[in-house]
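Note on naming: letters A, B, ... go to the chains in the order of the sequence lines (proteins, then strands), and numbering restarts at 1 for each one.
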Amino acid sequence: MKKKLIELLEKSVNACLKKGTLKEMDIPFIEVELPREGAHGDWASNIAMVLAKGQREAPRKIAERIIDNINDSDEILDKIEVAGPGFINFFIKTSAWAALLEEVDELGDRYGESNIGKGSKVQVEFVSANPTGPLHIGHARGAVIGDVIAGILQASGFSVSREYYINDAGNQMNMLGESVYYRYLELMGEKVSFPETCYQGEYIAELARQIHDSFGDKFRSDKEGAIPFMTQYAAGSILEGIKEDLETLGVVFDRYFSENELYKNDDVAKILQRLQKEGFIYEEGGTLWFKTTDFGDEKDRVVVRENGEPTYFAGDIAYHLNKYARGFDRVINVWGADHHGYIPRMQACIQALGRKKEDLGVVLVQLVNLLRGGVPVPMSTRAGKFVTIREVTDEVGRDAARYNFLMRRSNSHLDFDLEIAKAQSSENPVYYVQYAHARICSIMRNAVEQGYRIPAYGDIRLDLLTATEEHELIKIIDTFPEIVEGSAQALEPHRIPYYINDLASVFHSFYNKHKVVSDNAELTTARLFLIKAAGIVIRNALKLLGVSAPERM
RNA sequence: GGGCGAUUAGCUCAGAUGGAUAGAGCGUUGGCCUCCGAAGCCAAAGGCCCUGGGUUCGAGUCCCAGAUCGCCCA
């Protein structure tokens, strides 16, 4: 509906320009929005006020002229008026609203999809935690946000790939192998002083036990041979665990990309040579520097250390080159907010590779404060004491976990209270929307029992839906596709939970005011059609979030 | 010391590209099941949108300065 109104306004403004009743100027983006006050119409536009400055004329006069030139050929408008300082208020005919419901029913589970992506290839890279230990609660938020961003982009017509980058080439992997080795020695009764820099978690000892069970004391006196083996064993095993945990959360990747591959193929060395030849890399004091300052970074960055060892950043350069080489038009990285300092250098990097700044999108995810009944749950990664994804999912369930992670803007801190997340009560927002869906299903079951058929689009007296609450419900159902589009463009998944919450609220109000199933058969059919559409939208929206829409609860 | 983000109701937070009387959930107070699911609804109370300047018809939103908190970098 919004798009139709914008189109009407555009045509009218163009007509005015042609007639000369408006002066030639750049026409700004025309905005139409839902006014808070019902008296201000169903939709309103401020276009006359925006034009006023350039036209050097009173907004109300401009608005009058725009209205005079509107050609409502589809007859969707009941009334248009100029109000306040120069708003144009639209009042929509009931018949036009009802037509929107038919669209929802016709599209079914595809309602809300769009093609703003036009099939362009996007990669969303997220989680990407080193396989040195199980994922904890902080990773879970990034996992869900990345997954849902990918899903929203898919629904918006992008061709999306979900990828997990495994930083398995650095020193911390050796440290992992060493950690397991020391625990292994301990198993055989050797007294070792376990270094503080090693990984402390209980899972390390468990891995050592597994190795001891399978291989006995084979590695006891062969530290040289043991560490590479144990590194690989541990990383493989931990990664398997990570995959399982992500799956319980409903997160599945298209690809796990190993940093090691980049070194095996010499990609890192090759790209560094290329950039050096192109003048982006210079040597100073035995180390190689990337001139990221050329692209606005605050200082240049080291890519190869004095000892010849490439930095993480070097690997990241090669990795991003690799991404674009695979044909992705745009690459989106979901990072912990503590990585925000990396953004300028990565943007510099992709520009040196010949891409535009916009081809890299970064979504920062802030910390999660884990609480239990309002009290912070103590955590320390160093001591290996933390709450894992698995523990959280097992305790509160996938739906509640995902919904709670998605409810806040990703760039703001999140308090995650285990007690609230698992409470089956009104405190827990996920139940509010699921309840609305279950209620709709329940009403429809009830209607069927009383001999009604669930109506499909076509011959339904939708003109009977004239109550304010029905009006409001149709209106909010109608905005769903715009919400998804906006969410995709801004990479802001939290807009969806907010939307569903609003929709559920409008539905509940409608429910409490009006009886769906009554002895008026035509009205009952029309209302069944309305709540059916509402159910479709709740289901589609929850599906975007990876949250179930139960029929009973 | 430099940079990034935050600051909106008692609490947790929404308010994209500036618009009409600033919203939601929780909490508080008071109502609503003889009736399709009360995990719901309705009503009320609750605000210096951190402070001070600026931009303009119009600022929670944009600009500048400062305060407080969090993080990154040396």
Requested in this report: Would you say whether A:Phe87 stacks on B:A20? The test is a distance between ring centres of less than 5.5 Å and an angle between planes of less than 30°.
Outcome: yes
Report task. Describe the nucleic acid contact of A:Asp415 in one word from base, sugar-phosphate, nothing, applying a heavy-atom distance below 4.0 Å. Result -> sugar-phosphate
**Report entry** Integer-rounded Å distance: B:G15 C1' and A:Tyr499 OH
**Finding:** 17 Å
Query raised in the report: Does A:Arg439 count as lying over the ring of A:Tyr511, i.e. NZ or CZ under 6.0 Å from the six-ring centre, within 45 degrees of the axis?
Result: yes
Query raised in the report: Taking the side chain of A:Asn501 as heavy atoms from C-beta outward, which of B:C42, B:G19, B:A24 is closest to it?
Result: B:A24
Query raised in the report: Using a cut-off of 4.0 Å on non-hydrogen atoms, how would the nucleic acid contact of A:Ala438 be classed: base, sugar-phosphate, or nothing?
Result: base
Report summary line: In Watson-Crick or G-U wobble terms, with both distances under 3.5 Å, the base opposite B:C71 is B:G3
Query raised in the report: Within a reach of under 6.0 Å around CD of A:Glu551, are more than 12 heavy atoms found that belong to other residues, nucleotides or ligands?
Result: no
**Report entry** Verdict with supporting geometry, A:Ile88 and A:Asn46, side-chain contact (heavy atoms from CB on, under 4.5 Å)
**Finding:** CA-CA 7 Å; A:Ile88 299 175; A:Asn46 64 349; over 6 Å; no
Requested in this report: Using a heavy-atom cut-off of under 4.0 Å over every strand shown, decide if A:Asp417 touches base, sugar-phosphate, or nothing.
Outcome: nothing
Report task. Give a yes or no on this: more than 12 heavy atoms of other residues, nucleotides or ligands lie within 6.0 Å of atom NZ of A:Lys291. Result -> no
Query raised in the report: Rounded to the nearest Å, what distance is computed from the CG atom of residue A:Leu414 to the C1' atom of nucleotide B:C11?
Result: 15 Å
**Report entry** Anti or syn - B:C49, cut at 90° from 0
**Finding:** anti
Query raised in the report: Rounding to the closest angstrom, what is the interatomic distance between B:G40 and B:G46 at atom P?
Result: 25 Å
Report task. Report the distance from atom CG of A:Asn411 to atom P of B:A14, rounded to the nearest whole Å. Result -> 10 Å
Requested in this report: Answer yes or no: are there more than 12 heavy-atom neighbours, outside A:Asp519 itself, under 6.0 Å from its atom CG?
Outcome: no
Query raised in the report: Hey, does A:Asn446 reach any base, or is it just sugar-phosphate, or nothing, if we go heavy atoms under 4.0 Å?
Result: sugar-phosphate
Query raised in the report: Taking the side chain of A:Tyr432 as heavy atoms from C-beta outward, which of B:C41, B:G70, B:C36 is closest to it?
Result: B:C41
Query raised in the report: Expressed in angstrom and rounded to an integer, what is the separation of A:Arg409 atom CZ from B:G70 atom P?
Result: 19 Å
Query raised in the report: Between A:Arg408 and A:Asp415, does at least one N-O distance fall below 4.0 Å, as a salt bridge requires?
Result: no
Query raised in the report: What distance, rounded to whole Å, do you find between the two P atoms, one in B:C36 and one in B:G31?
Result: 23 Å
Requested in this report: Map A:Phe510 and A:Gly341 onto RNA chain B by nearest heavy atom, then report which one ends up closer to the 5' terminus.
Outcome: A:Phe510
Query raised in the report: How is A:His508 classified with respect to the nucleic acid when contacts are heavy atoms under 4.0 Å: base, sugar-phosphate, or nothing?
Result: sugar-phosphate
Query raised in the report: Given the P atoms of B:C63 and B:G25, what is the spacing between them in whole Å?
Result: 32 Å
Query - P atoms of B:G47 and B:U8, separation to the nearest Å - result: 14 Å
Query raised in the report: Quick one: A:Arg527 CZ to B:C35 P, roughly how many Å, whole number?
Result: 19 Å
Report task. Just call it for A:His437: base, sugar-phosphate, or nothing, with non-hydrogen atoms closer than 4.0 Å on any strand. Result -> nothing
Query raised in the report: Looking at A:Tyr511, does any N or O in its side chain come under 4.0 Å of the phosphate oxygens OP1/OP2 on B:A38?
Result: yes
Query raised in the report: What is the base-pairing partner of B:A44, counting Watson-Crick and G-U wobble geometry with both distances under 3.5 Å?
Result: B:U28
Requested in this report: Please tell me which of the listed nucleotides, B:G19, B:C41, B:C71, lies nearest to the side chain of A:Asp338?
Outcome: B:C71
Query raised in the report: So what does A:Glu551 hit on the nucleic acid, given a heavy-atom distance under 4.0 Å: a base, only sugar-phosphate, or nothing?
Result: base
Query - Distance, rounded to the nearest Å, where A:Arg445 contributes CZ and B:C36 contributes P - result: 14 Å
Query raised in the report: Which one, B:A16, B:G40, B:C36, comes nearest to the side chain of A:Arg439?
Result: B:G40
Report task. Kindly say if A:Ser509 contacts the phosphate of B:G40, meaning a side-chain N or O under 4.0 Å from OP1 or OP2. Result -> no
Query raised in the report: Heavy atoms under 4.0 Å, any strand shown: does A:Lys513 hit a base, just sugar-phosphate, or nothing?
Result: nothing
Report task. Figure out the CD/P separation between A:Glu482 and B:A16, and round it to whole Å. Result -> 15 Å
Report summary line: Using Watson-Crick geometry (N1-N3 plus N6-O4 or O6-N4) or G-U wobble (N1-O2, O6-N3), each under 3.5 Å, B:A65 is paired with B:U51
Report summary line: Result for 5'-nearest mapping on RNA chain B, choosing between A:His340 and A:Glu492, is A:His340
Report task. Assign A:Arg552 to base, sugar-phosphate, or nothing according to its heavy-atom contacts below 4.0 angstrom with the strands shown. Result -> base
Query - Atom-to-atom span, CE of A:Met407 to P of B:G15 - whole angstrom - result: 13 Å
Report task. Give one of base, sugar-phosphate or nothing for A:Ala447, where a contact means two heavy atoms less than 4.0 Å apart. Result -> nothing
Query raised in the report: Which listed nucleotide (B:A16, B:C13, B:A38) is nearest to the side chain of A:Tyr435?
Result: B:A38
Query raised in the report: Is B:C57 paired to anything, Watson-Crick or G-U wobble with both distances less than 3.5 Å, and if yes, which nucleotide?
Result: B:G19
Query raised in the report: Distance between the P atoms of B:G58 and B:G70, in whole angstroms?
Result: 39 Å
Query raised in the report: Do NZ/NE/NH1/NH2 and the carboxylate oxygens of A:Glu358 and A:Arg330 come within less than 4.0 Å?
Result: no
Requested in this report: Between B:G52 and B:A14, how far apart are the P atoms? Round to whole Å, please.
Outcome: 25 Å
**Report entry** Touch class at under 4.0 angstrom, heavy-atom based, for A:Asp297 against every strand present
**Finding:** nothing
Query - Proximal nucleotide (of B:U12, B:C41, B:A38) relative to the A:Arg408 side chain - result: B:U12
**Report entry** Closest listed nucleotide, where the reference is the side chain of A:Tyr498 and the choices are B:G37, B:C71, B:C13
**Finding:** B:C13
Requested in this report: Answer yes or no for A:Arg345 and A:Tyr342: cation-pi contact, defined as NZ/CZ to six-membered ring centre under 6.0 Å and angle to ring axis within 45°.
Outcome: yes
Query raised in the report: Which value, in whole Å, describes the distance between the P atoms of nucleotides B:G30 and B:C69?
Result: 40 Å
Query raised in the report: Any idea which of B:A14, B:C72, B:G37 is nearest the A:His494 side chain?
Result: B:A14
Query raised in the report: When rounded to the nearest Å, what value does the distance between C1' atoms of B:U17 and B:U29 take?
Result: 41 Å
Query raised in the report: Which part of the nucleic acid, if any, lies within contact of A:Tyr342, taking any heavy atom under 4.0 Å across all strands shown: a base, the sugar-phosphate backbone alone, or nothing?
Result: nothing
**Report entry** Minimum heavy-atom distance between A:Ala400 and A:Ala421, given as atom pair plus value
**Finding:** CB-O, 3.2 Å
Query raised in the report: Taking atom NZ of A:Lys475 as the centre, does the number of heavy atoms from other residues, nucleotides or ligands within less than 6.0 Å exceed 12?
Result: yes
Requested in this report: Look at A:Ser412 and B:U7 and indicate whether a side-chain polar atom (N or O) is within less than 4.0 Å of OP1 or OP2.
Outcome: no
